[in-house]
Amino acid sequence: MKENKEELKTRIISKLKNKKKITLSGIQTEFKVGFALAEEIYFELEETIATNSLKKLINKKVKSLPKNRADFLLEETNQIISHGGALRMMIAYKIANYLHKNNEHFILSGTLHSSYVAYELGINIVDTFKYSIHPEICHGIGYTNSYSIDFRVSSKSMDRVLKYIDKSLRSDRLLRVSGISNNGNRFILPGRRVLLLEKSLKKQTMMVKDSKNEEHECLDNEEVVSKNRDKLVVINILGSAPIAVINDMFKNLHKRIPPIENVIKENPHIIEKLCCYYDDLNIEKCYLPEFRTDYTNEIIKTVKPKTINDLIKIISVGHGSDAWDNNQEALIKNKIITIDELIGSRDDVADYLISKGHPKDLSIMIMESVRKGQFNQENINELGNLSETFIKIISKVKYLFPRGHCIALLYNAIYHEYLRERFPEEFFKTYIEDMLVMRPPWFYEDKEDKLLRYIEELRSAPTNNLYETKYYEAIKGAKLGILLIKLNLTYLWYEN
């Protein structure tokens, strides 16, 4: 009796599952099937192919690691595979490899920063083993493994990285996402790609023109993406001006970007400087990402950090919603809690619960509800052995950042401080070029008054005693000169 299509497909998939290398042309040749069926089979085997590739990479890694790290790596790898996350990890690995080859500094956004597998594969710059980060935050207990692959790259590199993704993942299932502007016009969301894992979503696509009048197939809107996260892989490439500064500085200096651990080890005073607050922010205020803002400065003044772990807590609580204001700020000021007891990231919630003897599975699940602002008082009352202060804190929280993401943001600040101190003149010239001049045109819309006030403030600012005068004058000149020339605002110079 002749096989029908589904029976034939099932038989072929069964034979191919344990094969190390699978290609579209190979399926066609070996099983004498047409392109359409071969593509369908390959589509269903993508996760298997990615799993085999991931296992190969990890098996090579564990040979060079101490036993505790090797065991941790293998445990997380099994989590990834069991939750169907190998394809996502291998796509992230491919993008990261491309960036490394081009000596590009980058960080991730979101939960992929919680993955030790991603760290060992060079995707994540944060050593999650060192900082006791739970990989389940990314993929594990109670999760659908539908995290986005979010890269923050130099704002100058964004288009180039997207072109690489379009080329390397070339497929009729790699789509863009459209949105509707306030005036009702449909547009393509910049920096976003989605790889369909089910062809059923093809029914919810449309052709949309980009700024160059070229048509692209797009998913209808963001709502389609959010409702179907388990049916697609979301890839976000976000342009970052602070990262552009880091990349351009090292390229101009003809240096490879050193590992962050080396920078901290060779410059321990960097952490001390970041732990300081400044009453006169002035020039400090305009260059260091995550720090030197009025809000962060106030948190630093209140908490009085001393270590890198304290700084991680400060960035974490500053990025949360209702985690500091009207919550833990008063507790710190009144000395009810210490910085060690501060709930800054979602990881802190899980750590506290686990320290009280509660199962890791349950602790992670409760952490997930807290970080979304969906804390359930009844569920936690059953646990026992929890302080009233802890319960009050988490009941007010609306959102918490993952610890790994906050560490990556801290690393950006450390690189900036390192470069500013070692190469002050070059740093500020690069800073103005990348942080202000390279902004997209819409950044300056309706901002002329604000821009003029900023320039006037720079012109009249007194010499900051933190720097030698010659450096300050060079910095001040670079800011005014480059900014005015690039924006064609040279008329702002004094007439005399």
Side-chain angles (χ1 to χ4, degrees), residues 105 107-116 118-119 124-138 152 240 242-243 246 259-265 267-277 288-293 295-325 327-329 331-332 337-355 364 367 370-371 390 393-394 397 399-418:
H105 172 63
I107 65 171
L108 304 171
S109 289
T111 58
L112 196 51
H113 263 310
S114 301
S115 169
Y116 182 57
Y119 171 73
N124 173 13
I125 66 171
V126 177
D127 184 348
T128 62
F129 185 87
K130 175 183 176 182
Y131 289 103
S132 304
I133 294 172
H134 306 290
E136 291 86 355
I137 290 173
C138 183
R152 289 191 181 191
S240 165
I243 290 175
I246 295 169
I260 193 71
E261 292 82 5
N262 294 3
V263 173
I264 296 171
K265 188 176 180 180
N267 304 272
H269 58 280
I270 283 180
I271 302 303
E272 294 172 21
K273 287 192 174 183
L274 294 179
C275 285
C276 295
Y277 68 86
L288 205 54
E290 305 309 320
F291 291 88
R292 309 300 184 257
T293 64
Y295 185 65
T296 307
N297 199 53
E298 283 303 310
I299 298 176
I300 290 174
K301 191 184 293 187
T302 302
V303 173
K304 299 180 176 63
K306 295 180 176 64
T307 67
I308 193 167
N309 287 325
D310 293 347
L311 290 172
I312 293 166
K313 289 258 189 178
I314 285 168
I315 291 181
S316 303
V317 78
H319 278 80
S321 297
D322 292 350
W324 179 252
D325 297 334
N327 196 342
Q328 297 179 90
E329 179 182 14
L331 298 177
I332 287 283
I337 63 172
T338 65
I339 190 168
D340 290 334
E341 297 167 310
L342 187 75
I343 302 299
S345 65
R346 62 187 70 166
D347 305 63
D348 293 332
V349 176
D351 287 347
Y352 176 84
L353 293 169
I354 291 169
S355 74
I364 296 287
M367 174 212 74
V370 172
R371 73 99 177 169
F390 172 75
I393 290 170
I394 63 174
V397 166
Y399 181 76
L400 290 174
F401 254 49
R403 184 184 296 155
H405 189 176
C406 296
I407 295 170
L409 295 174
L410 173 61
Y411 285 178
N412 270 356
I414 291 172
Y415 274 124
H416 271 237
E417 178 66 15
Y418 163 76

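These values consider heavy atoms only, across backbone and side chains, with no hydrogens, waters or symmetry-generated copies.
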Original post:
Side chains of Pro135 and Ser114: does their closest heavy-atom pair fall under 4.5 Å?
Top reply: no
**OP:** Any chance you could measure Ile137, atom CD1, to Leu112, atom CG, to the nearest 0.5 Å?
**Re:** 12.5 Å
Subject >> Check: Val126 and Tyr119 side chains under 4.5 Å, non-hydrogen atoms >> reply: no
**OP:** Would you indicate whether the side-chain heavy atoms of Val303 and Asp310 approach each other to under 4.5 Å?
**Re:** no
Subject >> Sole candidate of Val397, Ile393, Val370 that passes side chain to side chain contact (heavy atoms under 4.5 Å, CB included) when paired with Val349 >> reply: Val370
Original post:
So, the side chain of Asn267 versus the backbone of Ile264: is there a donor-acceptor pair under 3.5 Å, distance only?
Top reply: no
**OP:** With sequence neighbours excluded, tell me which residues meet ring-ring contact (aromatic ring centres under 6.0 Å, His included) with Tyr411.
**Re:** none
Subject >> Those residues that, when tested against His113, pass side chain to side chain donor-acceptor pair (under 3.5 Å) (two or more places apart) >> reply: Asn124
Subject >> Any donor-acceptor N or O pair under 3.5 Å, side chains Arg152, Ser240 >> reply: no
**OP:** Kindly write out the residues that satisfy salt bridge (Lys or Arg N to Asp or Glu O under 4.0 Å) with Asp347, not counting sequence neighbours, or none if the list is empty.
**Re:** none
Original post:
Would you say the side chain of Cys275 lies within less than 4.5 Å of the side chain of Leu311, judging by non-hydrogen atoms?
Top reply: yes
Original post:
Are any non-hydrogen side-chain atoms of Lys306 and Ile271 less than 4.5 angstrom apart?
Top reply: no
Subject >> Check: Tyr352 ring centre within less than 6.0 Å of Phe390 ring centre >> reply: yes
Original post:
Quick one: does Ile308's side chain get under 4.5 Å of Tyr131's, heavy atoms only?
Top reply: yes
**OP:** Any chance you could measure Ile332, atom CD1, to Thr338, atom OG1, to the nearest 0.5 Å?
**Re:** 6.5 Å
**OP:** State, with a plain yes or no, whether a side-chain heavy atom of Ile414 is found less than 4.5 Å away from one of Leu274.
**Re:** yes
Subject >> Ile314 to Pro305 - nearest heavy-atom pair and separation >> reply: CD1-CG, 3.4 Å
Subject >> Pair Lys313 + Asp348, salt bridge at N-O below 4.0 Å >> reply: yes
**OP:** Could you tell me whether the side chain of Glu417 and the main chain of Lys273 form a donor-acceptor pair under 3.5 Å?
**Re:** no
Can you give me every donor-acceptor pair (side chain of residues 316-323, partner residue at least two apart or in another chain, under 3.5 Å) with its distance?
{"unit_1": "Ser316", "atom_1": "OG", "unit_2": "Ile312", "atom_2": "O", "d": "2.6"}
{"unit_1": "His319", "atom_1": "ND1", "unit_2": "Ile315", "atom_2": "O", "d": "2.9"}
{"unit_1": "His319", "atom_1": "NE2", "unit_2": "Glu290", "atom_2": "OE1", "d": "3.1"}

**OP:** Applying side chain to side chain donor-acceptor pair (under 3.5 Å), name anything that partners Tyr415, two or more places apart in sequence or on another chain.
**Re:** none
**OP:** For the pair Arg371 (side chain) and Arg346 (backbone), establish whether a donor and an acceptor sit closer than 3.5 Å, ignoring hydrogens and angles.
**Re:** no
Original post:
Would Ile246 and His416 satisfy side chain to side chain contact (heavy atoms under 4.5 Å, CB included), going step by step from the backbone distance to the final call?
Top reply: CA-CA 7 Å; Ile246 295 169; His416 271 237; 3.5 Å; yes
Original post:
What residues form a side chain to side chain donor-acceptor pair (under 3.5 Å) with Ser355, not counting sequence neighbours?
Top reply: none
Subject >> Reported NE2-to-CG distance for the pair His405 and Leu410, which is rounded to 0.5 angstrom >> reply: 12.0 Å
Original post:
Which of parallel (below 30°), tilted (30 to 60°) and perpendicular (above 60°) describes Phe401 and Tyr399?
Top reply: perpendicular
Original post:
Can you find a pair of side-chain heavy atoms, one from Met367 and one from Ile364, that are under 4.5 Å apart?
Top reply: yes
Subject >> CA sep, side-chain torsions, deciding dist, call: Ile107, Ile243, side chain to side chain contact (heavy atoms under 4.5 Å, CB included) >> reply: CA-CA 8 Å; Ile107 65 171; Ile243 290 175; 4.0 Å; yes
**OP:** Can you measure from CH2 (Trp324) to CD1 (Ile343) and round to the nearest 0.5 angstrom?
**Re:** 13.0 Å
Subject >> Nearest-0.5 Å distance that lies between atom CD1 in Ile407 and atom CD1 in Ile260 >> reply: 11.5 Å
**OP:** Run the salt-bridge test on Asp351 and Arg403 with the 4.0 Å N-O cut-off and return the result as yes or no.
**Re:** yes
**OP:** Output, in order, the C-alpha distance, side-chain angles, deciding distance and verdict of side chain to side chain contact (heavy atoms under 4.5 Å, CB included) for Ile133 and Tyr116.
**Re:** CA-CA 8 Å; Ile133 294 172; Tyr116 182 57; over 6 Å; no
